Number of protein chains: 2
Amino acid sequence: MKLRPPSYLVLGMLRIGLRSGYEIKRGADRSTKHFWPMSLAQVYPELARLEEAGLITGRDDPHGARARRAYAITDEGNEALLDWLRDSHDEPPQVRDERLVRLFFADALPRDDQIALVRRLRESHEAEVTRIQEEVMPISSAAEEAGTIFPHALARLSSDIFSTIAGALDELETRLSDESA
Amino acid sequence: MKLRPPSYLVLGMLRIGLRSGYEIKRGADRSTKHFWPMSLAQVYPELARLEEAGLITGRDDPHGARARRAYAITDEGNEALLDWLRDSHDEPPQVRDERLVRLFFADALPRDDQIALVRRLRESHEAEVTRIQEEVMPISSAAEEAGTIFPHALARLSSDIFSTIAGALDELETRLSDESA
DNA sequence: GTGTGCATGTAAGGAGTTACATGATTGC
DNA sequence: GCAATCATGTAACTCCTTACATGCACAC
């Protein structure tokens with residue numbers, strides 16, 4: 001069976017202790033969403049595929065009358081995950097950000113609109129920094145103290161990236177304002 | 001007709017003077033690829049759609065015996081582009097970077113493999129900075145001197161982002177090496 | 001008792017990629 | 001003469017999203 005990044009994402013989430021599909025999705029939204037988004041409609045079939053391949057095992061784990069399945073990674077799954085982590089072959093990263101495409105063509109706009117566009121963009125990146133610091137870092141920081149350091153390193157990295165962008169946009173905004181004054 | 005970011009990408013490329021589908025694809029690879037990749041198999045149908053909608057016009061423009069079509073943006077196309085540039089509604093940006101997912105789960109690896117992984121990643125980001133500076137910036141810089149400033153601003157932004165990531169990875173690498181020593 | 005969150009799945013559709021198919025031009 | 005690049009398009013496929021369908025648990 002062919003394993004793709006979403007497979008390893010699920011495998012990895014199970015490894016760090018998340019158990020149900022719903023829980024995996026929630027965890028991924030809080031942590032890996034920024035560099036690999038995943039929807040619930042991907043998680044459930046992926047769990048089925050991985051179980052069929054023997055990389056994970058599932059058992060019923062109802063919560064009262066509410067159905068729930070708890071999965072755990074098997075030795076084979078662990079091995080597959082480690083092989084992938086050591087693998088140096090990567091597909092090229094992909095970014096799709098409509099706002100930056102817009103910015104690329106912003107020369108077509110009058111100066112005022114350019115400034116407004118840049119400001120909006122800066123503000124949204126600043127907001128994202130705040131969101132990461134408030135929602136992601138407290139959790140990843142706790143994990144770091146427990147010896148799991150990479151999630152927090154990634155959270156800091158994300159925050160740094162958004163800060164860098166916000167900073168560059170702030171500079172650009174100032175330049176545009178000065179030139180139009 | 002519904003216009004999506006690739007439509008505006010094509011429209012924008014025509015606006016800045018690129019004419020054939022092939023030329024648009026080449027230009028996009030050099031400039032907007034980092035925040036919105038596009039394949040030739042998207043460009044040609046998109047050109048047909050835009051022409052049908054009256055946003056661009058195409059004429060045959062053979063080069064010797066080699067067929068070629070030259071497109072130009074119409075007034076309606078220009079208006080649509082400007083409307084989009086002013087529009088503040090964005091779909092959320094999407095990043096898919098397998099390498100960062102790998103890094104997120106790197107706690108599962110022995111220290112040596114962690115260091116190797118971080119180093120590889122840092123090196124590839126440094127290489128990307130170099131690539132942008134050598135291949136993209138000379139062109140965007142020339143455009144900037146001619147009064148088209150945003151492409152160069154975006155090139156600098158891309159370069160800054162990759163530098164930031166490389167810097168953070170370098171720091172992480174040092175930390176991992178120190179702790180294991 | 002009501003809304004929010006927990007919980008699992010499927011079906012249909014859309015967006016984008018790879019591979020295929022074809023051929024001319026230019027520089028070495 | 002040969003390779004790289006220019007040039008246009010289509011078909012099949014993959015991946016992923018949105019919408020649908022269903023129902024329990026818990027806090028207010």
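Everything numeric in this text was worked out from a predicted model, so none of it was measured. Keep in mind that the numbers below use all heavy atoms, side chains included, and drop hydrogens, waters and symmetry copies.
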Tell me, for nucleotides 15-28 of chain D in 5' to 3' order, what letter each nucleotide earns: B for a base near a protein heavy atom under 4.0 Å, S for only sugar-phosphate near one, - for neither? SSBB----BBSS--
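Taking all atoms of both residues into account, the shortest heavy-atom contact from B:G58 to B:E51 is N-OE2, 3.1 Å. Summarising the geometry of B:A168 relative to A:L157, their closest heavy-atom pair is CB-CD1, 3.5 Å, with the distance given to 0.1 Å. Taking every heavy atom of both residues into account, A:F35 and B:V101 meet most closely at CD1-N, 3.7 Å. Scanning all heavy atoms of the two residues, the minimum distance from B:H152 to B:S141 falls at ND1-N, 3.4 Å.
The existence of a salt bridge linking A:R120 and A:E123 is excluded, since no basic side-chain nitrogen approaches an acidic carboxylate oxygen closer than 4.0 Å. No salt bridge links A:R68 with A:E23; every basic N to acidic carboxylate O contact stays at or beyond 4.0 Å. A salt bridge links B:R175 with A:E144: at least one charged nitrogen is closer than 4.0 Å to a carboxylate oxygen.
For B:W36, there are no side-chain hydrogen bond (donor to acceptor under 3.5 Å, both in side chains) partners, not counting sequence neighbours.
Rounded to 10 degrees, the angle separating the terminal axes of the helix from C:dG1-D:dC28 to C:dC28-D:dG1 is 40°, with each axis obtained from five end pairs.
Rounded to an integer number of Å, the gap from B:R49 CZ to D:dT8 C1' is 18 Å. Taking atom NZ on A:K25 and atom P on C:dG5, their separation rounds to 14 Å, with Å as the unit. Atom pair A:Y44:OH and C:dT10:C1' shows a separation of 12 Å (rounding to whole Å applied). A straight line from CE of A:M1 to C1' of D:dT14 spans 16 Å, rounded to a whole angstrom. Rounded to whole Å, atom C1' of C:dG5 lies 14 Å from atom CD of A:E23. Atom C1' of nucleotide D:dG9 and atom CD of B:E46 are separated by 15 Å, given to the nearest angstrom. Atom OH in A:Y71 sits about 8 Å away from atom P in C:dT8, given to the nearest Å. Rounded to whole angstrom, the span from the CZ atom of B:R59 across to the P atom of D:dA7 amounts to 13 Å.
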Go through B:E52 and B:R49 one step at a time and tell me if the salt bridge (Lys or Arg N to Asp or Glu O under 4.0 Å) criterion holds. CA-CA 5 Å; B:E52 207 197 347; B:R49 262 165 37 91; over 6 Å; no
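Remark: A:Y22 is in phosphate contact with C:dC6, judged by side-chain N or O atoms under 4.0 Å from OP1 or OP2.
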